[in-house]
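First the structure, in the form of C-alpha cells, and then the observations on it.
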Amino acid sequence: MPTIVRPAHPFMRLAILSDIHANLPAFEAVLADIEASEVDQSWCLGDVVGYGAQPDECAALARERCSVCLVGNHDLAALDELDISTFSPAASAAVRWTSETMSAETTDFLAALAPAETDHEVALYHASPRDPVWEYVLWPDQAAECIRAQAKRVSFVGHSHVALFFALADQAAGERSLDARGAQAGAGTSLEIGRGRWLINPGSVGQPRDGDSRAAWLELDTDAWHAVYHRVDYDIDGAADAIVAAGLPEHLARRLYVGQ
Ligand code: ZN
C-alpha cells in the first residue's frame, strides 16, 4: 500500500490574540478556551508586557504556546527601544516597572520579535499596515488607507484593544474608491471574509477597552475564510490584586473591571 500523503496546509484553523499586557489570569483563560476549540496554531500580535504585573509568566507562555509572536510598542518601551514621552503617566510607570522587573529570558525573547509579519497567508501587524508600531486604526477613512497598504488581502492588527473589523469591497479598475465599512465586534460575531479586503482586530487579552471586561481572542479558518470573535471570563480580581501588590498605579487595576 502506498503511503497517502495529505497535501500540506499548515494553517487551517488559527487563534489570533493580542495585547496580553502581563495579565496572566486573562492569558491562561484565553489559552484554555483556545485549547478547547482545537485550533492548529496560536498567533500573537504583540504587547506581551506592560500595564500588568506578570510579564515573565506571560512571556514564557507566549513563547511556549504561540507559533508566531510580534513585538508591540509596550514591549519595545520595556526594552528601552522606544521613546515613551507620549505615554500616559500610568503607562510610563508600568514601562519603568516592567524594565526593572523582567528577567533576562523575557528581554531576550521580546528583543528577537518583529512588529510585522507578512509572509503568511494573512498579514500581521501590531498596530497598522502603515505603521506597525504606533498607528491606532479606529476610523473608516483611515482604515481604507491602511487596507490599501496591507501586504495581503486579509490583515490582523492589535494595539487599540478594541475588537473590530473593517472591510473594503473588491474594486474594479477605475472605480471610485470608497471608505471601508466597519464595526465593533462583540462576542460571537462571525465574519465571512472570502471576498474583499479585510483589516481585523481580535481585541485584547489582558486589557480590553471596548466596554466588555472579558478577555478577547479570535478564531480564524483560512480554508473556509471564516472568523469568529470570542470573549472569556477570567479572574479579574487576581490580575487587579497582582497590579496593586506590585506597586503599579491602582488605575491600571480598576480599569480591568470596566473594560476601558
Ligand atoms: Zn497594547
Side-chain angles (χ1 to χ4, degrees), residues 16-27 30 42-55 57-59 61-62 66 68-99 102 106 109-110 113-117 124-138 146 155-164 184-185 199-218 229 231 234 236 239-240 243 248-249 251-256 258-260:
I16 311 278
L17 56 103
S18 192
D19 296 279
I20 297 161
H21 284 294
N23 184 336
L24 184 63
F27 194 18
V30 162
S42 297
W43 293 359
C44 171
L45 306 177
D47 275 1
V48 175
V49 304
Y51 293 128
Q54 290 170 289
E57 293 87 340
C58 289
L61 265 184
C66 298
V68 172
C69 190
L70 304 183
V71 73
N73 56 314
H74 283 260
D75 303 319
L76 291 168
L79 294 169
D80 202 17
E81 287 180 21
L82 194 80
D83 173 21
I84 60 165
S85 56
T86 60
F87 275 40
S88 69
S92 301
V95 166
R96 283 191 297 276
W97 180 88
T98 305
S99 318
M102 68 184 186
T106 299
F109 169 64
L110 296 175
L113 307 177
E117 276 205 35
L124 309 172
Y125 307 95
H126 174 65
S128 100
R130 299 192 294 194
D131 180 345
V133 174
W134 271 119
E135 182 181 19
Y136 292 90
V137 187
L138 290 166
C146 289
S155 77
F156 290 89
V157 302
H159 192 50
S160 70
H161 301 202
V162 176
L164 53 71
Q184 281 195 40
L199 182 149
I200 299 171
N201 190 321
S204 167
V205 171
Q207 193 199 71
R209 293 179 195 159
D210 50 12
D212 183 342
S213 60
R214 295 175 295 173
W217 67 282
L218 180 133
Y229 284 87
R231 296 305 270 255
Y234 76 95
I236 299 182
I243 285 171
L248 287 160
H251 162 68
L252 298 178
R254 283 197 301 270
R255 67 187 299 176
L256 297 178
V258 289
Q260 287 297 343

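Indexing begins at 1, ligand by ligand and atom by atom, following the structure's order. Only a predicted model underlies this, so the values are computations on that prediction, with no experimental measurement involved.
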Counting backbone and side-chain atoms alike, is an N, O or S atom of H161 positioned under 2.8 Å from the Zn ion (ligand 1)? yes
Atom pair OG/CG of S99 and L79 - distance to nearest 0.5 Å: 8.0 Å
Are any of the side-chain nitrogens in R96 or D80 under 4.0 Å away from the carboxylate oxygens of its partner? no
Just wondering, is there an N, O or S atom on H159 that's nearer than 2.8 Å to the Zn ion (ligand 1)? no
Given side chains that start at C-beta, do those of L45 and I16 come closer than 4.5 Å, heavy atoms only? yes
Angular separation of NE2 (H21) and OD2 (D47) seen from the Zn ion (ligand 1), to 10°: 90°
Would you mind naming the N, O or S atom of D19 nearest to the Zn ion (ligand 1)? OD1
Closest heavy-atom pair and its distance - F87, A91: CD2-CB, 3.7 Å
